[in-house]
Amino acid sequence: MARSAGDGPARLLALVPFRERHGFARPRWGRGDRSSPREQVSMSEFQASPQVEEPFPLETLRHSVAHLMASAVGRLFPGVQYGFGPCIEHGFYYDFALEEPLTDKDLRRIEKEMRKIAGRKPEIAREVTTREDARERLSAQGQTFKVEALDLIPEDEEISFYGHGEWADLCEGPHIDDFGQTFHFKLLSLAGAYWRGDETRPMMQRIYGTAFWKRAELDAHLEWLEEVKKRDHRKLGTELDLFSLHAEAGAGFVFWHPNLATVRREVENFWWEEHTRRGYDPVYTPHISRETLFAVSGHLENYGEMMYAPMELDAQPYRVKPMNCPGHILIYQNRGRSYRELPLRWAELGTVYRYERSGVVHGMMRVRGFTQDDAHIFCTPEQLADEIAGVCDLVDKVMRTFGFEYTAYLATRPEDKTIGDDDIWERATEALRQAAQKVDLPLVLDEGGGAFYGPKIDYKIRDALGREWQNSTIQCDFNLPERFDLSYAAKDGHAHRPIMVHRAILGSLERFVGGLIEHYGGKFPVWLAPKQVALIPIREEHSDYCRELEGELRRELIRVDCMDEPGHMNKKIKQAQHAQVPFMLIAGEREVAERTVAVRRRGTRDQETMPFAQFLELVRDLRDSRALELEPTPA
RNA sequence: GCUGCUGUAGCUCAGUGGUAGAGCACUUCCUUGGUAAGGAAGAGGUCAUGGGUUCGAGCCCCAUCAGCAGCUCCA
């Protein structure tokens, strides 16, 4: 039979719009942007090669398994009401309204029931019916959510049910033919989810699961989920003594321990280095300002809910800053500006505070106080394209240094209320496009995705686990220059309005460094590693030699841990290994006599003896080149 | 903020109404060992916090705080 399905590719494509039409925001990065494996993750290196002999696309299988699950839930929990149950990037979910809360135990029961049903190999039947009939059937079954779903289907569309056994669901398909074929699935987790993704609507219970045609693929996926768990920055944060959070201090405030503070400082040094190279000047602005500043900027009006409550000083309300731009603008405004000094590029690692709702704070990824790697470029319209190109180049340099791949998106003018006239939008968008062309940066169009105050280029980076997250953004702003009435004296002697470019490369240090922990799995490259070298004497009498090497390494600004406390070397090797120190130098009689070191690289049990001077050069090179690997790069 | 779950030693976790436990880490002593945990002893907890029920609460109930899986929202 025509296994490519009577439904064809057009029906297949309909799967995704189905959800969007119904008012779902398609989840992009989910909670904490990168913490959730289900939606936002792709599996690049874990994914098996594409299958050719699959009877149906994976999406179709998953959608059908979601139905299988729903039918099992229906048998185990009579009276359950159904919500939506689509396939998603790495699996599927189904939403249920149930009196009692589900538990993990129920998940196993449901799985068992699913296998029971699938064991009978029921066929999946499609039935086309009228809107009236569907409404009657669903109402009779008390499926109030499904009745609502019915009303969301556009007038000109066919109404269909898909079912197996005695169970059927309002659904546009497509589905596999029957449950007789071999497939593998697992139910993964439970969560609450608002009906139709709307927080004013009732909350349903969502079950997530995944399904594959091949056992090995399911296993690989589960393995990958394990790897994600192992690399969780919160777990590694404890294991490697990187950071902590404290109930005493409140939710969403990160305490950087020496190890992670070291990583951060290296990131910051690199960041400043690259900015200085590109003609940025540093600025520092206060954390607290009079409220009137944020009234002028519009933050109070548009962003007030995210801001901390005012504090009163000398009978004046003051606010903690949620963004750095107003401060930079005050500096710009401090005196008259001439076209001769533009572009001005001002950078600040500016710490801001934003009120985040209690349920969303998450490790270092979503916090209430964080440091943005912020900069603002004040320039003329003519300079815009060059300035943007400069930022694109900077993003490329930074992301490649950390080993991230990325994709850039051009976000254009949104449909509804925006400021600035067509002409300037057109010119700015064109400038972004030209700039990208200048640096050979392909742009994916994000139609209408711009901010209300201007178009932008957003970047998504892909980490070592194939997960995507957004950090860098380059935004043209016509709004703030207007609000603050910024100007510069142009060649013609008249006052002109500068364009402001807001840009962040890393986003926030908290989120970025948290991401680095997971990207590297705690195995930081040499330049970032909290301790770069561990010195281990074989016997106490070799301590002096180790101390001497420690001194030499420190003079070269190599971060070194001389482990000459009493104890056995095996234990120290294990400790250094556990701490993910890139290099262990082990010194005993032979090494002392020859002024060599036995070098053990992270991730290998082999060792290589070399003159200490040679090692010093090696580690210096790896650090200074910000190499990602522990091997010297071949010239 | 919402739904569900969790909070016991620095870490990982046992302990379901009747005298607070284990492993690792830590301290001390012994051990001088050539590449992933040497041995022994010791110290360490108002069981998140505040109320309540009970003769009696780590355990049951309520509230608060914090965390976890998501939803919604975001750098």
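Everything numeric here is computed off the predicted structure, so don't read it as measured data. Each chain gets a letter, A, B and so on, in the order the sequences are listed, and its residues count up from 1. Only heavy atoms go into these numbers, but all of them, side chains included; no hydrogens, no water, no symmetry mates.
Within 4.0 Å of A:A598, counting heavy atoms only, lies at least one base atom of the nucleic acid. As judged by a 4.0 angstrom heavy-atom cut-off over every strand, A:E248 is placed among residues making no nucleic acid contact. Here A:E541 lies out of heavy-atom contact (under 4.0 Å) with every strand.
Residue A:R539 places no side-chain N or O under 4.0 Å from the OP1 or OP2 atom of B:G34. Residue A:R234 places at least one side-chain N or O under 4.0 Å from the OP1 or OP2 atom of B:C68. Checking the phosphate oxygens (OP1, OP2) of B:A75, no side-chain nitrogen or oxygen of A:Y303 falls inside 4.0 Å. Between B:U35 and A:R590, no contact under 4.0 Å exists linking OP1 or OP2 to a side-chain N or O. For A:R600, a side-chain nitrogen or oxygen approaches OP1 or OP2 of B:A36 to under 4.0 Å.
The interatomic distance linking A:F96 (CZ) with B:C71 (P) rounds to 16 Å, in whole Å. Atom CD in A:E565 sits roughly 12 Å away from atom P in B:U28 (whole-Å rounding). For the pair A:D95 CG and B:U3 P, the computed distance is 16 Å after rounding to whole Å.
The base of B:U35 sits with one of its N or O atoms less than 3.5 Å from a complementary donor or acceptor on the side chain of A:Q607. Below the 3.5 angstrom threshold, one finds no donor paired with an acceptor across the side chain of A:R368 and the base of B:C74. Not a single donor-acceptor pair, N or O on each side, falls under 3.5 Å between the base of B:U3 and the side chain of A:R206. No hydrogens or angles were tested; on distance alone, nothing pairs the side chain of A:Q205 with the base of B:G70 as donor and acceptor under 3.5 Å. Evaluation of atom-type donor-acceptor distances gives a pair under 3.5 Å for the side chain of A:R366 against the base of B:C74. Looking at A:Q577, its side chain has no donor and acceptor atom pair within 3.5 Å of the base of B:A37. On a pure distance criterion of 3.5 Å, no polar donor-acceptor pair joins the side chain of A:H568 and the base of B:U32.
In summary, the side chains of A:T103 and A:D106 do present a donor paired with an acceptor at a separation below 3.5 Å, with no hydrogens or angles considered.
Look at the P atom in both B:C61 and B:U16: the space between them is 15 Å, to the nearest Å. Of the C1' atoms belonging to B:U46 and B:U3, the separation is 33 Å, rounded to the nearest Å. Rounded to whole Å, the P atom of B:C62 lies 15 Å from the corresponding atom of B:G7.
Checked against A:F404 for a side-chain contact (heavy atoms from CB on, under 4.5 Å), the options A:K460, A:R462, A:M399 give a single hit: A:M399.
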